[in-house]
Enquirer: 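I have a structure here, written as structure tokens, and I will follow up with some questions on it.
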2 protein chains.
Amino acid sequence: MNIGDASKASGVSAKMIRYYERIGLIPQAGRSLSGYRVYTEGEVNTLRFVHRAREFGFPIERIRRLVSLWQGKQPSREVKRVAMEHVAELERRIAELTDMRMALQQLADACVGDHQPDCPILNDLEHHAPAGGLAAGSMMASAGRARSPIAGAAARRS
Amino acid sequence: MNIGDASKASGVSAKMIRYYERIGLIPQAGRSLSGYRVYTEGEVNTLRFVHRAREFGFPIERIRRLVSLWQGKQPSREVKRVAMEHVAELERRIAELTDMRMALQQLADACVGDHQPDCPILNDLEHHAPAGGLAAGSMMASAGRARSPIAGAAARRS
DNA sequence: ATGGCGCTTCCCATCGTGGGAAGGTCAAGG
DNA sequence: CCTTGACCTTCCCACGATGGGAAGCGCCAT
């Protein structure tokens, strides 16, 4: 099977298959006489595994560990641990975005949105002090602070 | 004021100030005789504006529009529209991440996590069909499908 | 004048993905 | 046999926003 068929069968683009091979996420594929990459069903299966893991948002390095655990028939405890690490990461990112969304929504709610240039959104952007060490609640708009248990997670966008 | 002080006063790193100037998000700063960038209070204020907008997760191109609306004293309707576009974008990303989190959490819940290599997480990764056009509910784990109003938003990660 | 800090420009890396150029291969049909 | 088109190869570039670091110069205090 050539790379095009492997791509269709796995859902991974040919470009990404070559990339995954280059960074060592998947082993180097065999080659035909003319230098074309050749794939077996088993290799396509690995590509499907990687593709599905990407759909879950796993970063490449974590997928590397997952593939290793999978191929090595390791205890499911390890797999679960890696998965839960990723769940925690997802929750962290969800919390950040939720903080932003809530704060911005509050400002937008307070903005009448007419022909006048006066606008609470611009006022916040213009007058908010740069985070000077004190982080708690700094993301929240003035009205209705600390209503969420996940407030203050912004600005740690890594 | 030199770039270091402007950085401290605005919360934007010197590196990023130069970057913003290079891409034209902020106008070119004046220069001292020796070539140092020199900033006025007004320019620092613009930097603060940009910094705060970044904290809200606004991408640079949207900040460009916001700055323009702000400087041009445009009707708040326009500002609100840009802000709500960003809220929609945030909600889209939150929905994607939430889908991933839920699906993965379900698989992890179904994983006993002992010394046995058998694991629902790996089973899903290994046997899930590559998205072949039919997208609805494809992200959901087998148990408890379609329990969320925002299911099926994954794999549109850009 | 010397040391230390700040400023300058320039290049590189991240992370995952796509685009495209330049060139080789293969199969089908004239 | 030759052309055509679809496929494959490698190599380079781009994204978005940010940081790291090198090489070289300016500024100020001791």
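A, B, ... follow the sequence lines: proteins, then strands. Residue 1 opens every chain. Everything quoted here is computed from the prediction, not taken from an experiment.
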Enquirer: Please report the distance, rounded to the nearest Å, between OH in B/Tyr20 and P in D/dG19.
Expert: 9 Å
Enquirer: Looking only at the side chain of B/Tyr36 (C-beta and beyond, no hydrogens), which of the listed nucleotides C/dG20, D/dG26, D/dA17 gets closest?
Expert: D/dG26
Enquirer: For the side chain of A/Tyr19, counting heavy atoms from C-beta on, which of D/dC7, D/dA17, C/dG16 is nearest?
Expert: C/dG16
Enquirer: Return the 5'-most residue of the pair B/Leu33, B/Pro59 with respect to DNA chain D, ranking by each residue's nearest nucleotide.
Expert: B/Pro59
Enquirer: So which nucleotide from D/dA17, C/dG18, C/dG16 ends up closest to the side chain of B/Met16?
Expert: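 Ranking D/dA17, C/dG18, C/dG16 by closest atom to the B/Met16 side chain puts D/dA17 first.
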Enquirer: To the nearest 0.5 Å, how far apart are NE2 in B/His127 and CG in B/Leu122?
Expert: 10.5 Å
Enquirer: Which atom pair, heavy atoms only, marks the closest approach of B/Leu107 to B/Pro120?
Expert: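 It is CD2-O, 3.9 Å.
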Enquirer: Check A/Thr46, A/Val50, A/Asn45 against A/Arg48 for a side-chain contact (heavy atoms from CB on, under 4.5 Å) and give me the one that passes.
Expert: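 When A/Thr46, A/Val50, A/Asn45 are each tested with A/Arg48, the side-chain contact (heavy atoms from CB on, under 4.5 Å) holds only for A/Asn45.
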Enquirer: Nearest whole Å is fine: how far is C/dC7 P from B/Glu21 CD?
Expert: 14 Å
Enquirer: Checking all strands, does A/Arg31 fall into the base, sugar-phosphate, or nothing category for heavy-atom contacts under 4.0 angstrom?
Expert: sugar-phosphate
Enquirer: Quick check for you: among C/dT8, C/dC10, D/dT10, whose closest atom lies nearest to any side-chain atom of A/Arg37?
Expert: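 From the listed options, D/dT10 comes nearest.
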Enquirer: Which of these nucleotides, D/dT18, C/dT17, C/dT8, is closest to any side-chain atom of B/Arg18?
Expert: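 Ranking D/dT18, C/dT17, C/dT8 by closest atom to the B/Arg18 side chain puts C/dT8 first.
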Enquirer: Tell me whether the OP1 or OP2 atom of D/dG19 has a side-chain N or O from B/Ser13 closer than 4.0 Å.
Expert: yes
Enquirer: Does the distance from a Lys or Arg side-chain N to an Asp or Glu carboxylate O, for B/Glu96 and B/Arg93, drop under 4.0 Å?
Expert: no
Enquirer: Rounded to whole Å, how long is the line connecting atom CD1 of B/Ile63 with atom C1' of D/dG16?
Expert: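 Those two atoms, CD1 and C1', are 12 Å apart.
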Enquirer: Could you state the CZ-C1' distance from B/Arg64 to D/dG16, rounded to the nearest angstrom?
Expert: 12 Å
Enquirer: One pair to check against side-chain contact (heavy atoms from CB on, under 4.5 Å): A/Arg52 and B/Asp124. What are the steps and the verdict?
Expert: CA-CA 8 Å; A/Arg52 179 62 172 160; B/Asp124 179 286; 2.7 Å; yes
Enquirer: Rounded to whole Å, how long is the line connecting atom CD1 of A/Ile17 with atom C1' of C/dT17?
Expert: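 Value for this atom pair: 14 Å.
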Enquirer: In whole Å, I'd like the distance from the CG atom of A/Leu47 to the C1' atom of C/dT17.
Expert: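 Value for this atom pair: 16 Å.
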Enquirer: To the nearest angstrom, how far is A/Ile3 atom CD1 from D/dA6 atom C1'?
Expert: 15 Å
Enquirer: If you assign each of B/Lys15 and B/Lys8 to its closest nucleotide in DNA chain C, which residue comes earlier from the 5' end?
Expert: B/Lys8
Enquirer: For the pair made of CZ in A/Arg54 and P in C/dC15, what is the distance, rounded to whole Å?
Expert: 12 Å
Enquirer: Any side-chain N or O of A/Ser34 under 4.0 Å from OP1/OP2 of C/dC26?
Expert: yes
Enquirer: Just checking B/Ser32: base, sugar-phosphate only, or nothing, at a heavy-atom cut-off of under 4.0 Å?
Expert: nothing
